[in-house]
Protein chains: 2
Amino acid sequence: MTLPPYLAPVSRIDLDRSWGLRLMDPLPPADGARVVRRAVSLLREVSASRGNGATLKMLADGAGLAQPTAHRLLKVLQAEGLLERDPASRTYRLGSLLYEFGLAAAPRVDARRLCAGTLERITEAVGDTTYLNCRSGDDALCLDRREGASEIPALPIEIGNRRPLGVGAGSLAVLASLPSSEVDAVIAANAGRYRRHGLTAERIRTYVEATRARGFAITSGRIVARYRGVAIAIGNGIGGTPASLSVVAVAERLDLRRIELVARLLAREEKALRAILAIEPENPRKGIAP
Amino acid sequence: MTLPPYLAPVSRIDLDRSWGLRLMDPLPPADGARVVRRAVSLLREVSASRGNGATLKMLADGAGLAQPTAHRLLKVLQAEGLLERDPASRTYRLGSLLYEFGLAAAPRVDARRLCAGTLERITEAVGDTTYLNCRSGDDALCLDRREGASEIPALPIEIGNRRPLGVGAGSLAVLASLPSSEVDAVIAANAGRYRRHGLTAERIRTYVEATRARGFAITSGRIVARYRGVAIAIGNGIGGTPASLSVVAVAERLDLRRIELVARLLAREEKALRAILAIEPENPRKGIAP
DNA sequence: ACCATCAATTCCACGATGTGGAATTCGATG
DNA sequence: CATCGAATTCCACATCGTGGAATTGATGGT
């Protein structure tokens with residue numbers, strides 16, 4: 001991805017700002033609950049899988065577990081209802097108990113509601129599929145999506161899907177918006193995972209630099225070469241959580257002119273959204289809107 | 001007002017005075033993953049807690065774990081983001097990672113959408129708070145809720161909350177709608193949990209009989225004596241999952257006349273809903289409606 | 001201020017529990 | 001039918017989780 005020189009930065013990203021201290025991982029690795037952590041990382045792997053779900057091999061590899069170990073844990077998770085399995089394809093997907101827990105785990109700030117209008121306006125304007133992404137640990141999470149009128153990727157990201165921070169436009173924009181120390185930590189943590197997306201830690205670092213210089217993120221789908229994404233980080237995130245808006249379309253639709261157009265639109269919407277987010281009070285303990 | 005025997009308020013039994021009996025591991029001796037099961041049952045306990053969340057003691061007791069064990073597991077679950085903790089009250093509640101998983105774990109049938117109209121009509125008609133409940137393992141789960149104009153319970157059930165099958169009107173209706181063999185199994189499995197709600201397995205059995213004979217469930221709030229509930233099971237459930245509709249109000253609002261009125265309304269709405277459910281196709285892999 | 005009480009947290013010796021290499025079965029593909 | 005990779009089962013070993021006991025912290029009553 002070369003930088004077209006005339007793509008001037010649309011907005012200044014204020015780097016290295018404190019995110020309000022959201023770290024919770026520094027748990028001594030010696031503490032007694034390896035199994036639980038492994039189980040959770042299997043769940044994360046499953047929710048990173050797209051399409052028809054993930055096979056044992058994929059999950060074991062992804063979580064860095066021996067196959068028999070993964071198998072045993074998956075069986076328990078399935079028995080408990082956290083996972084479901086399609087007997088035909090032998091793939092796992094998230095189970096109904098997780099949906100049920102999700103109902104009870106209302107977020108302190110309802111990002112989807114707050115950004116609904118923004119997503120709709122963008123989709124309306126560009127006609128392509130628009131995403132709301134946020135950070136979740138070392139992953140980017142697809143929080144919401146609006147499908148545009150134009151053709152969409154063959155295997156689109158679904159709401160709730162995860163991928164490593166830095167992989168994909170929306171994800172890259174989120175990563176680049178983190179303080180540098182965080183960026184380094186995340187890239188280091190994800191180093192092993194980039195390979196399966198045809199990337200390397202080194203390349204991600206370059207992308208982050210470019211994204212920061214440019215003010216927004218572009219990707220030319222390395223995985224599926226036909227698609228391209230444009231994304232911009234959302235001010236100080238949503239309720240303290242780093243986030244981004246992104247637009248994905250077939251590559252032909254996103255030539256340089258149009259990239260610039262979309263980027264300007266995203267920048268405008270991001271600014272408006274930031275104003276809304278600044279005003280909106282915390283919505284402390286409310287159920288998910290019906 | 002004199003109440004028929006089945007309406008007689010149950011006297012409040014002292015909650016959890018004696019736990020001299022410390023039976024460890026009611027968990028079936030299954031293949032290698034006791035920890036994971038314990039962790040999941042802690043999550044279930046947390047999502048059964050109302051109000052400000054659950055303390056270590058409550059959770060350890062509820063899950064039948066020793067306090068240090070529960071403490072260690074809770075710490076890991078928190079570090080992983082499945083739980084959050086309020087440092088002031090030292091209580092746990094479900095964490096944002098569960099919300100995120102919930103986004104990805106779309107149910108095969110969107111019960112909330114299918115029943116939205118029904119809930120609204122009932123609430124409109126009676127003016128009290130209306131619930132949609134379903135079965136989840138040995139628990140009843142609050143899937144959805146509409147608040148009526150009238151006064152609502154001090155500590156209302158929230159969307160996503162769980163309680164043991166049989167405790168509360170909506171939950172009792174679900175239990176009574178199960179095949180007898182299932183009912184026995186569930187009551188046996190929950191036997192230890194009824195006590196903290198001031199109930200016994202024996203009494204639940206009686207309630208189930210009464211509910212089946214009557215065709216709908218009534219409870220006079222055992223926990224907070226001011227409230228009363230009326231509930232009816234939904235035909236063959238929703239997408240194969242047993243479920244119920246319930247109405248809760250302050251006891252004075254629900255005298256015998258009104259109970260009968262509400263019950264008739266519920267029966268009518270249940271019949272209409274059953275017809276809708278019979279037609280509605282499965283909604284295979286769709287995200288949660290925005 | 002002081003003690004009493006109960007919850008939360010830390011410690012640690014013990015052994016049950018989870019582990020993963022190896023072997024076996026299953027399923028798809030040519 | 002043969003071949004290969006994935007899924008599943010087996011099992012001896014020692015790692016990891018366990019819970020009783022001790023310590024610390026919070027709360028409330030007098």
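What's counted below: heavy atoms across the whole structure, side chains too, no hydrogens, waters or symmetry copies. Within every chain, numbering begins at 1; the chains are lettered A, B, ... in the order of the sequence lines, protein sequences first and strands thereafter.
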Exercise. Can you list the residues that meet the side-chain contact (heavy atoms from CB on, under 4.5 Å) rule with A/Asn52, with sequence neighbours excluded?
Worked result: none

Problem set entry | First encountered from the 5' end of DNA chain D, between A/Val36 and A/Ser89 | A/Ser89

Exercise. Within the pair B/Arg34 and D/dG17, is there a side-chain N or O less than 4.0 Å away from OP1 or OP2?
Worked result: no

Problem set entry | Partners passing side-chain contact (heavy atoms from CB on, under 4.5 Å) against A/Asp61 (at least two apart in sequence or in another chain) | A/Lys57, A/Arg196

Exercise. Out of C/dT9, C/dT17, D/dT8, which has the shortest distance to the side chain of A/Leu56?
Worked result: D/dT8

For this session: Specify the separation, in whole Å, of atom OH of B/Tyr92 and atom C1' of C/dA7.
Result: 11 Å

For this session: Figure out the CZ/C1' separation between B/Arg72 and D/dG20, and round it to whole Å.
Result: 13 Å

Exercise. Could you give the CG-to-P distance, from A/Leu59 to D/dT8, as a whole number of Å?
Worked result: 12 Å

Exercise. Given axes from five pairs at either end, by how many degrees does the helix from C/dA1-D/dT30 to C/dG30-D/dC1 bend, rounded to 10°?
Worked result: 50°

Exercise. Does D/dT18 have OP1 or OP2 sitting under 4.0 Å from an N or O in the side chain of B/Arg38?
Worked result: yes

For this session: Measure from the side chain of A/Val35, starting at C-beta and using heavy atoms only, and say which of C/dT9, D/dG17, D/dT8 lies closest.
Result: D/dG17

Exercise. Relative to the 5' end of DNA chain D, which residue comes earlier, B/Pro68 or A/Gln67, by the nucleotide with the nearest heavy atom?
Worked result: A/Gln67

For this session: Could you pull out all residues at least two apart from A/Thr91 that satisfy side chain to side chain donor-acceptor pair (under 3.5 Å)?
Result: A/Ser89

Exercise. Would B/Glu182 and B/Arg135 pass as an ion pair if we require N to O under 4.0 Å?
Worked result: yes

Exercise. Can you find a side chain N or O atom of A/His71 that sits less than 4.0 Å from OP1 or OP2 on D/dT8?
Worked result: yes

For this session: Check whether any side-chain nitrogen or oxygen of B/Arg37 sits under 4.0 Å from OP1 or OP2 of C/dG18, and answer yes or no.
Result: no

Problem set entry | Nearest to side-chain heavy atoms of A/Lys75, which nucleotide of C/dA8, D/dT9, C/dT19 | D/dT9

Problem set entry | Contacts of B/Arg85 that satisfy salt bridge (charged side-chain N to carboxylate O under 4.0 Å, His left out) - sequence neighbours left out | none

Exercise. Atom CG of A/Asp61 and atom P of D/dA6: how far apart are they, to the nearest Å?
Worked result: 9 Å

Problem set entry | Non-neighbouring partners of B/Glu252 that pass salt bridge (charged side-chain N to carboxylate O under 4.0 Å, His left out), sequence neighbours left out | none

Exercise. In whole angstroms, how far is the C1' atom of D/dG19 from the NZ atom of B/Lys57?
Worked result: 15 Å

Problem set entry | SB check A/Asp138 A/Arg163 (cutoff 4.0 Å) | no

Problem set entry | Residue met sooner reading DNA chain C from 5', once A/Ala88 and A/Thr69 are mapped to nucleotides | A/Thr69

Exercise. Separation of A/Leu74 atom CG from C/dG20 atom C1', in whole Å?
Worked result: 15 Å

Problem set entry | A/Arg90 side chain, from C-beta outward: closest of C/dT9, C/dG20, C/dC26 | C/dC26

For this session: Would you kindly give the CG-to-C1' distance between B/Leu73 and D/dT18, to the nearest whole Å?
Result: 10 Å

Problem set entry | Pairwise side-chain contact, B/Arg108 with A/Ser96, heavy-atom cut-off 4.5 Å (strictly under) | yes

For this session: Would you kindly give the CG-to-C1' distance between A/Leu65 and C/dT19, to the nearest whole Å?
Result: 11 Å

